[in-house]
Each structure stands twice: as structure tokens, then as C-alpha cells.
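What follows is a set of notes on a single structure, which appears directly below.
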Amino acid sequence: MCQALMEIMEPLMQQRDEENIEKGIKKGIKKGIEKGKVYGMVSAYRDLGVPENEILKKVQEKFQLSLEEAKEYL
């Protein structure tokens, strides 16, 4: 009985695992792109001579980050 159940469930479990891996990859890519946008914005503002405290405010507003989260990008 257990062997028969495993034969039925194993393909379903493998499919679920593959779907979860794919979701994780997509989520990671999306997060990486978002981080790249923040770093690009910080870099552009620095090139323009914008003070760090103003950059922090703008990053917080644009990306809806806390002060601590925004500081990680400076």
C-alpha cells in the first residue's frame, strides 16, 4: 500500500518542487532587478552632487523603504 501511494505521489511532489523552485528563481530575479534600480538611483544622485540625507529621503519615498533599509544602499 505504501509503495503504491509513493508511486502516485512522487511525480506530484516532484512537480510541486519544480514549481516552487521556479517561483523562487523568479522572485530572486525580481528582487535583484529592484536592488539594481535603487543602486542606480543612488549612483545618479551622487553624480549630481545630491546630499546623502536627500538621497536617503528620495530612496525611501520611491521604493517605500524604512530609513534603515535605505541606508543599506548608501
Side-chain angles (χ1 to χ4, degrees):
M1 176 81 173
C2 282
Q3 183 62 28
L5 184 58
M6 283 302 295
E7 288 176 10
I8 293 170
M9 294 300 296
E10 189 172 359
L12 296 173
M13 291 173 15
Q14 185 175 1
Q15 181 182 359
R16 184 200 63 203
D17 290 347
E18 289 171 4
E19 290 171 358
N20 285 337
I21 289 169
E22 186 66 29
K23 286 179 188 177
I25 290 170
K26 286 180 182 179
K27 187 176 179 180
I29 290 170
K30 185 176 179 180
K31 189 172 184 177
I33 290 170
E34 199 67 19
K35 281 186 162 194
K37 289 177 183 178
V38 178
Y39 282 119
M41 182 177 171
V42 169
S43 177
Y45 279 128
R46 282 184 173 153
D47 289 347
L48 294 171
V50 176
E52 296 285 306
N53 63 331
E54 286 298 315
I55 295 173
L56 278 174
K57 286 181 193 175
K58 292 183 182 297
V59 167
Q60 282 182 274
E61 290 171 7
K62 176 74 176 175
F63 298 98
Q64 300 169 352
L65 300 173
S66 70
L67 179 59
E68 293 304 314
E69 290 170 323
K71 284 181 179 180
E72 292 177 15
Y73 292 97
L74 297 183

In terms of heavy-atom contacts, Val42 and Tyr73 come closest through CG1-O, 3.9 Å

Side chains of Val38 and Lys62, heavy atoms from C-beta outward: is any pair under 4.5 Å?
no

What distance do Asp17 atom CG and Leu12 atom CG have between them, rounded to the nearest 0.5 Å?
11.0 Å

Within one Ile-Leu-Val-Met-Phe-Trp-Tyr cluster: Val59 and Ile33, side-chain cutoff 4.5 Å
no

Could you check if a side-chain atom of Met41 sits within less than 4.5 angstrom of a side-chain atom of Lys37, using non-hydrogen atoms only?
no

Full working for side-chain contact (heavy atoms from CB on, under 4.5 Å) between Glu22 and Lys26:
CA-CA 6 Å; Glu22 186 66 29; Lys26 286 180 182 179; 3.4 Å; yes

Please answer whether the main-chain N or O of Ser66 pairs with a side-chain N or O of Glu69 as donor and acceptor at a distance below 3.5 Å.
yes

Rounded to the nearest 0.5 Å, what separates atom CD in Glu68 from atom CG in Leu56?
9.5 Å

Minimum side-chain heavy-atom gap Phe63-Glu34 below 4.5 Å:
yes

Are Tyr45 and Leu67 connected in a single hydrophobic cluster, I mean Ile/Leu/Val/Met/Phe/Trp/Tyr linked by side-chain heavy atoms less than 4.5 Å apart?
yes

Ignoring hydrogens and geometry beyond distance, is a side-chain donor-acceptor pair present between Gln14 and Glu10 at under 3.5 Å?
no

Identify whether Tyr39 and Ile29 are in the same connected component of the hydrophobic contact network (ILVMFWY, side-chain heavy atoms under 4.5 Å).
no

Pairing of Glu61 and Lys58 as salt bridge, 4.0 angstrom limit:
no

